[in-house]
Amino acid sequence: MVSGLRSLKSLPMVIELNAGKVAHASSEGYTHALHCRYRSKDDLASYANDPYHLDVINKCIVPIVEDRLALDWEADVEEPVLQSGSYGAVRILTMKPKQELANSEIEGTIDALKEYTSKFSFVKQVSAGKNFSPARAKGYEWAYLAMFPSTKELAELINSDGYKGLHSKVSSIMEKFNIVDYHTA
């Protein structure tokens, strides 16, 4: 399955793709993760309808996967987009904020998450945004992604006091959230 997913990197509209096994159980029970980047929403649509992509999904995913979750957001990352091999671990956080929250409160928390690249020099790149594909997101509305050199740096982040404080802040304003940490190799 992972090899099939990784083969999708050969598609011309994909500028970055990685897939891997989840390092520890996510709250939703997901065991594997896939992260892709495209230049535009049009490229994402082309990818979704590409015959090779559909073949991989139908042969490698559908027969063995019980459940899937997908979020799509417009990334505001600084160039260049990191390529596979320049990082070894990824954290994906999917979030559903409490309904009574103002957008400014949610965006403030997202901005705090994105500041990790300046607080921890080993965080390679972060991206966050509001999901624009709700049909596949199971109620999750926001996503955050951070890339690390290895799982060692990811563990360092998780054990830091700054992270624990931010984790509490995120927890307090979310109806639910799901964390997926995975190895890219």
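In this text, all values refer to a predicted model and were calculated from it rather than measured experimentally.
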Next item on the list: Would you mind listing every salt bridge (charged side-chain N to carboxylate O under 4.0 Å, His left out) that reaches into residues 38-53, with sequence neighbours excluded?
Entry: Lys41-Glu74
Item checked: More than 12 heavy atoms of other groups within 6.0 Å of Lys164 NZ -> yes
Next item on the list: Find out whether Met95 and Phe177 are in side-chain contact, i.e. whether some heavy atom of one side chain is under 4.5 Å from a heavy atom of the other.
Entry: yes
Checklist line | Any side-chain heavy-atom pair of Cys36 and Leu8 under 4.5 Å | finding: no
Check: Got Tyr47 and Leu17 here, is their nearest side-chain heavy-atom distance under 4.5 Å?
Finding: yes
Check: In a check of salt bridge (Lys or Arg N to Asp or Glu O under 4.0 Å) between Glu16 and each of Arg6, Lys9, Arg37, which one passes?
Finding: Lys9
Notebook entry, point to check: Is the side chain of Asn178 donor-acceptor paired with the backbone N or O of Glu28 at a distance under 3.5 Å, no angle test?
Noted result: yes
Next item on the list: Kindly check if the number of other-residue, nucleotide or ligand heavy atoms within 6.0 Å of NZ (Lys59) is above 12?
Entry: no
Checklist line | Validation row: His32, Val65 side chains within 4.5 angstrom (heavy atoms) | finding: no
Margin query: If you count every heavy atom of other residues, nucleotides or ligands that lies below 6.0 Å from Glu100 atom CD, does the total exceed 12?
Written below: yes
Next item on the list: Scan side-chain atoms only and decide if Asn18 and Thr184 contain a donor-acceptor pair under the 3.5 Å cut-off.
Entry: no
Item checked: Non-neighbouring partners of Tyr163 that pass ring pair (Phe, Tyr, Trp, His ring centres under 6.0 Å), sequence neighbours left out -> His167
Checklist line | Step-by-step side-chain hydrogen bond (donor to acceptor under 3.5 Å, both in side chains) determination, Glu107 to Ser104 | finding: CA-CA 5 Å; Glu107 289 169 2; Ser104 60; over 6 Å; no
Note to self: For a side-chain contact (heavy atoms from CB on, under 4.5 Å) check, start with the C-alpha distance between Tyr144 and Ile110, then their side-chain angles and the critical distance, and finish with the verdict.
What the structure shows: CA-CA 8 Å; Tyr144 163 82; Ile110 299 299; 5.6 Å; no
